[in-house]
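First up is the structure itself, then whatever we jot down about it.
Computation of the quantities below employed the complete heavy-atom set of this structure, encompassing side-chain atoms and omitting hydrogens, waters and symmetry-equivalent molecules.
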Amino acid sequence: MISTQDWADTQRLWDYHQMGHTPQPCSVAIGLGSHDLGVADAAVDLYKRGMAPLLVFTGATSPTTRERMPRGEAVHYRERAIELGVPDSAVMVEPRARNTGENIRFSRDLLTDAGIEVSSALLISKPYEARRAYATARKLWPEVEIINASSLMTLQDYVDSIGDVRMVIDMLVGALQRLLIYPEQGFMISQTVPADVITSYERLCQAGFTSRLVRDAKGQILTRSN
């Protein structure tokens, strides 16, 4: 049962995770692998609007995608894009990445090895992963202009599309934790997290939405040092 307070806190995290970038033409569009085929749909829409001449899909599998996407996230994304009319020649696949940092690094290396110059990139993610993806790319690929993009939808619409409200809340909470702890570990740039967002995050943790949190070797939830 999701309480009124839980839902309000989830909405606050949802709003914070999105950055509101306006798509603009870029050298490439990179779709970050996940359980959500909507990322591929968003990439196709941007391609058809002339926002990028090339799509790169990146991602292996994870516990949440192994059954849904047995051939790997990037491969399933590519198949979806071709099904929707994108020519095979306009799609590249990076099938090894297992986290956001690897998504960025391996895509960067793939493009470099192919001799493709990149000055700007549309970084396409699930709506609630926009800020994490941006912060990671700015750390690992600082010379490239990063524009976030994702499907435009409300929190309720997204929950309906996934069909599992608890999983969505757990993932929103996990994404917020990473914004707090990963800058200290060198994985992404630091961003200001408003006090009310942190309060909502802490309430959701206390309410038990913790399955996607990073823990230490003793099973303790990791927190930032200050």
Mark yes when over 12 heavy atoms from residues, nucleotides or ligands other than E83 sit less than 6.0 Å from its CD; otherwise mark no. yes
Between K126 and D36, is a salt bridge (charged side-chain N to carboxylate O under 4.0 Å, His left out) present by the stated rule, with each step listed? CA-CA 7 Å; K126 302 184 295 295; D36 184 1; over 6 Å; no
So which pairs with a foot in residues 46-65 pass salt bridge (charged side-chain N to carboxylate O under 4.0 Å, His left out), sequence neighbours left out? D45-R49
Side-chain contact test, heavy atoms from C-beta onward, threshold under 4.5 Å: evaluate it for [X] versus [Y] and give yes or no.
{"X": "I124", "Y": "Y77", "result": "no"}
{"X": "R215", "Y": "T210", "result": "yes"}
{"X": "F57", "Y": "R80", "result": "no"}
{"X": "I147", "Y": "M51", "result": "no"}
{"X": "I104", "Y": "K139", "result": "no"}
{"X": "L179", "Y": "Y201", "result": "no"}

How far apart are the closest heavy atoms of [X] and [Y], and which atoms are they?
{"X": "P95", "Y": "A74", "answer": "CA-CB, 4.4 Å"}
{"X": "L123", "Y": "A137", "answer": "CD2-CB, 3.7 Å"}
{"X": "L213", "Y": "C205", "answer": "CD1-SG, 3.9 Å"}
{"X": "L55", "Y": "A81", "answer": "CD1-CB, 4.5 Å"}
{"X": "L180", "Y": "V193", "answer": "CD2-CG2, 3.8 Å"}
{"X": "G72", "Y": "T61", "answer": "CA-CG2, 3.6 Å"}

Mind checking whether [X] and [Y] sit in one hydrophobic cluster, side chains of I, L, V, M, F, W, Y counted as touching below 4.5 Å?
{"X": "L140", "Y": "L32", "value": "yes"}
{"X": "L46", "Y": "I146", "value": "no"}
{"X": "L54", "Y": "V86", "value": "no"}
{"X": "V28", "Y": "V144", "value": "yes"}
{"X": "F106", "Y": "V118", "value": "no"}

Between D15 and R12, does any NZ, NE, NH1 or NH2 come within less than 4.0 Å of an OD or OE carboxylate oxygen? no
Nearest 0.5 Å, please: how far is [atom2] in [Y] from [atom1] in [X]?
{"X": "Q11", "Y": "L155", "atom1": "CD", "atom2": "CG", "value": "5.0 Å"}
{"X": "E102", "Y": "T136", "atom1": "CD", "atom2": "OG1", "value": "12.0 Å"}
{"X": "D9", "Y": "R203", "atom1": "CG", "atom2": "CZ", "value": "4.0 Å"}
{"X": "S200", "Y": "Q5", "atom1": "OG", "atom2": "CD", "value": "7.0 Å"}
{"X": "M171", "Y": "S211", "atom1": "CE", "atom2": "OG", "value": "7.5 Å"}
{"X": "R96", "Y": "R105", "atom1": "CZ", "atom2": "CZ", "value": "8.5 Å"}

Does the side-chain contact (heavy atoms from CB on, under 4.5 Å) test come out yes or no for H35 and I162, once each step is laid out? CA-CA 9 Å; H35 62 274; I162 298 301; 3.7 Å; yes
Which residues pass the side chain to side chain donor-acceptor pair (under 3.5 Å) test with N99, sequence neighbours left out? none
List the steps and the verdict of side-chain hydrogen bond (donor to acceptor under 3.5 Å, both in side chains) for T58 and E94. CA-CA 5 Å; T58 167; E94 184 295 297; 2.5 Å; yes
State whether the side chain of R98 and the backbone N or O of G59 hold a donor-acceptor pair below 3.5 Å, judged by distance alone. no
Hey, does the side chain of S151 reach the backbone of A42 with a donor-acceptor pair shorter than 3.5 angstrom? no
Show your working on side-chain contact (heavy atoms from CB on, under 4.5 Å) between T10 and V168 and close with a plain yes or no. CA-CA 9 Å; T10 301; V168 171; 5.6 Å; no
So if I apply the side-chain contact (heavy atoms from CB on, under 4.5 Å) rule between L172 and each of R212, M167, E129, H17, which one comes out positive? H17
Decide yes or no on side-chain contact (heavy atoms from CB on, under 4.5 Å) for Q191 and M19, but give the supporting numbers first. CA-CA 12 Å; Q191 299 180 90; M19 301 192 69; 3.9 Å; yes
CA sep, side-chain torsions, deciding dist, call: Y16, L176, side-chain contact (heavy atoms from CB on, under 4.5 Å): CA-CA 9 Å; Y16 174 71; L176 198 285; 3.8 Å; yes
Angle class for the Y158/Y128 ring planes (parallel below 30°, perpendicular above 60°, tilted otherwise)? perpendicular
